[in-house]
2 protein chains.
Amino acid sequence: MLFCGNYKSVLDFVARQVFDKLRKFVSIIEPKATEAMETKIRNMEDFAKASGISRPTISKYFNDPNAVRNTTRERIEQALETYDYRPNIFAMNQNRKLTRNIGVVVPSLADPFFAEIARNVERRCIDAGYQPTLYSAHGNRDQEVEILDSLRSLKPAGLLIAPLGRSSDKAMIEKFSQKVPTVLFDSYLPDIGLSFGGSDNFQFGRLIVDYLCRTGTPPCFFEMQNPSNPNANKRRQGYIAAMEALGHTPQVVSVTGEGWNFEEIGRNGGLEVIDSDGFPSDTVLCSNDRLAIGLISACFARKIPVGFESDSAIRIAGMDDHPFSRFTCPPLTTISQDYEAISKHAVETLFGNLEGDEITDKVVLFEGNLIMRKSA
Amino acid sequence: MLFCGNYKSVLDFVARQVFDKLRKFVSIIEPKATEAMETKIRNMEDFAKASGISRPTISKYFNDPNAVRNTTRERIEQALETYDYRPNIFAMNQNRKLTRNIGVVVPSLADPFFAEIARNVERRCIDAGYQPTLYSAHGNRDQEVEILDSLRSLKPAGLLIAPLGRSSDKAMIEKFSQKVPTVLFDSYLPDIGLSFGGSDNFQFGRLIVDYLCRTGTPPCFFEMQNPSNPNANKRRQGYIAAMEALGHTPQVVSVTGEGWNFEEIGRNGGLEVIDSDGFPSDTVLCSNDRLAIGLISACFARKIPVGFESDSAIRIAGMDDHPFSRFTCPPLTTISQDYEAISKHAVETLFGNLEGDEITDKVVLFEGNLIMRKSA
DNA sequence: ACCAAAATTTTACGCGCGGAAACTTTGTAG
DNA sequence: CTACAAAGTTTCCGCGCGTAAAATTTTGGT
């Protein structure tokens, strides 16, 4: 017999011959083989040895499975199933300039709206092969700063942040965004980050004012005096513009209150208004659903029937399509935010940029949809 | 002049003399000094050099600030302010057997109850000098498994988990808890983890049944047919025991529904019951507040007035003191869970154990308080 | 069957820190 | 002042992996 070819193919050939000869003993051999498999894989080197592939190649595979040849990838993935090895993420991230960590920051997780959008964003990050870590500023400027501060040491590949808004430390966020690719969502901060994606809050006003005027008395606008969220201002402006376009006089009712307990503020503010002069219109458009929930609660307390039916005394509408707004009494008419579109924009813009795409739009606004329920 | 003492004290002496001579130039020197300070501290070695303390001591300080002498700690902390260096957490955790990472896992962040308790737990971890990372299983068994799986690679010092409950992969959690100190909260899994702390759901039933019976018709019990959370069973049992103790016949109304959309389930189930035979009592105790919110919504849809007043047709009570339950129409009478006590127990038990304390109680139950509002 | 291009292997170094060992300085007590 | 334990310093090694360069092998197409 003549051996031709490189030593590897010769070895392959010999190995196959030997294995065929030994096949009848396979039942005896196998227990030993599994025993050998049990030898703990402690690091990439062990795994490389066990899988018969060099460590640098394994390393390449974990950084990008497509960076290795198909056949190699298959061999690695097969070995991976056998030995269930996973690289030490601390050692990985130590030398890598760019980790696959993504910081996800929202102003308040106690607000189901943000909980929902955070969930959506999180899922998308994981699906894209990144590792999101979720943070909530709990409505607090210092905590937002603290989060960014501790985020630095995670060397994140990117940041997806819904800023607190007015109370954010904009300089801090801007500084951070210059080091780490950052995409904003929900709440806009001028000239910060790669891009911003959120709802067209101005359009919200037009949409719902049109509807409310078409079906009854033109609405007044119910809001917090010093809204922490810039969206509230856009919404007020949208309301005013829409009213004026229709030839009505805008009427804004501002109530005091600090912080993020919007339901509480809406309720207390509502009670105050009701107990003094009352609302200037029998239709109240609230700056957001949570205020509306509080206001509905206040109306109930004062036995004022809410709804669009003839036996009702007041119509109330909100904005956001908060997860709970369909369970208020009556269910809340509102404008839905496009959760999916917003989270999709944020994630895809960030990852697109990380992979070299150009940013096409600095600001992307998504339209809301009118959700008609019983309250207005 | 004669120099006596070791070379360090001599140097110190000389340095002080030199410095005093140069004091008048301090305004000239300082810019240079700050310039020197700007020399980027890239690692612990640089920082050690800059602060004039050896690297191993710096290392000790970061692992436990109390492990170094007071004067040394002050010097380090002063240098820390000057140079704002922070150790590379990846390099730190690579060699340390025990990180300061704490995994915090809740079944669903979209539920404000868990959002709230998670916030509480998070805060306590940070205050204790640990680094919590928050995860939500989103009501999904696979995601819970996935979280624990990816948590492994973070080498967490401990795990604080509110399991999904019935649908949890108990074997997985148990296996995990044998490697990582684990404390359960909210939802009990027998014989898993160091300790469990949660509400005494059995007592909830007694408390509210007593109240409802004292003030009106004995309640029926409204629940999901296959509650994913074991607390629901305890609550039913508590209801039944309390009713029997008072000589009443317990009546349980179970509605179908899967998942974590409790409001939806409560609403649909409520509509179904109302539209067929109606509830067996004019007082309905709901297994949790979210079901109650759904039921109130159903009653409103059918124009059934809810409340304890004479013009009402049905009384509804819940359990949890959900953040929104005070804004329902009418505000929901319920049993409050002791968020503070539960999170405190979880955190303190875990950290106590990490620092060598013995576990005193495997199971700790906290009593709820009756929150009387208008709904019952 | 041959050859250039692509992929893999070999070899070697470094990241930033933890931690051990042997030694020196410091603080405190007798 | 001496003695001694505690704290700090020096020196060294290793963790698990990224990454670069050079050598080698494999691949795909002619």
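Just so it is clear, the structure is predicted and the values come from calculations on it, not from any experiment. In what follows, chains are A, B, ... by sequence order, proteins preceding strands, each numbered from 1.
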Exercise for review: Decide side chain to side chain contact (heavy atoms under 4.5 Å, CB included) for A/Asp46 and A/Tyr83; before the verdict, give the C-alpha distance in whole Å, the side-chain angles of both, and the deciding distance to 0.1 Å.
Suggested key: CA-CA 10 Å; A/Asp46 287 359; A/Tyr83 299 101; over 6 Å; no

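- Rounded to the nearest 0.5 angstrom, B/Ile89 CD1 and B/Gln131 CD are separated by 6.0 Å.
- Judged purely by atom type and a 3.5 angstrom limit, B/Lys49 has no side-chain atom pairing as donor or acceptor with the backbone of B/Arg55.
- When each of B/Thr71 and A/Thr71 is assigned the nucleotide of DNA chain D with its nearest heavy atom, B/Thr71 is the one assigned upstream, toward the 5' end.
- Here C/dC17 is the nucleotide among C/dT8, D/dG18, C/dC17 with the atom lying nearest to any side-chain atom of B/Met92.
- Interface residues of residues 56-66 of chain B facing DNA chain D, ordered by number: B/Pro56, B/Thr57; criterion, heavy-atom separation under 4.0 Å.
- One distance of note links CD of B/Glu77 with OH of B/Tyr61; it measures 3.5 Å at 0.5 Å rounding.
- Residue A/Met44 contributes atom CE, which lies 19 Å from atom P of C/dC15 at whole-angstrom precision.
- Remark: C1' of C/dT26 and CG of B/Asn70 are 14 Å apart, rounded to the nearest angstrom.
- Of all heavy-atom pairs between B/Ser136 and B/Pro107, the closest is OG-O, 4.0 Å.
- Between the side chain of B/Thr99 and the main chain of B/Lys155, a donor-acceptor pair closer than 3.5 Å is present.
- Taking only distance into account, the side chain of B/Gln94 never meets the base of C/dG18 through a donor-acceptor pair shorter than 3.5 Å.
- Between the base of D/dG16 and the side chain of A/Arg55 there is no donor-acceptor pair shorter than 3.5 Å.
- The CD atom of A/Glu45 sits 14 Å away from the P atom of D/dG14 (whole-angstrom rounding).
- Across the protein-nucleic acid pair, A/Asn93 atom CG and C/dC17 atom P stand 15 Å apart, rounded to whole Å.
- No engagement by A/Phe47 is indicated, since no non-hydrogen atom pair under 4.0 Å with the nucleic acid exists.
- You'll find a donor-acceptor pair under 3.5 Å spanning the side chain of A/Asn95 and the base of D/dC17, going by distance alone.
- Atom CG of A/Asn88 and atom C1' of D/dG14 are 14 Å apart (whole Å).
- When rounded to the nearest whole Å, the span between CG of B/Asn43 and P of C/dG14 equals 14 Å.
- Place B/Pro87 and A/Ala67 on DNA chain C by their nearest nucleotides, and A/Ala67 ends up nearer the 5' end.
- Between the CZ atom of B/Arg42 and the P atom of C/dC17 there is a distance of 12 Å, given to the nearest Å.
- Between A/Tyr85 and A/Phe62, the ring planes lie perpendicular to each other; the angle is over 60°, past the 30° to 60° tilted range.
- Note: CZ (A/Arg69) to P (C/dA7) measures 7 Å, nearest angstrom.
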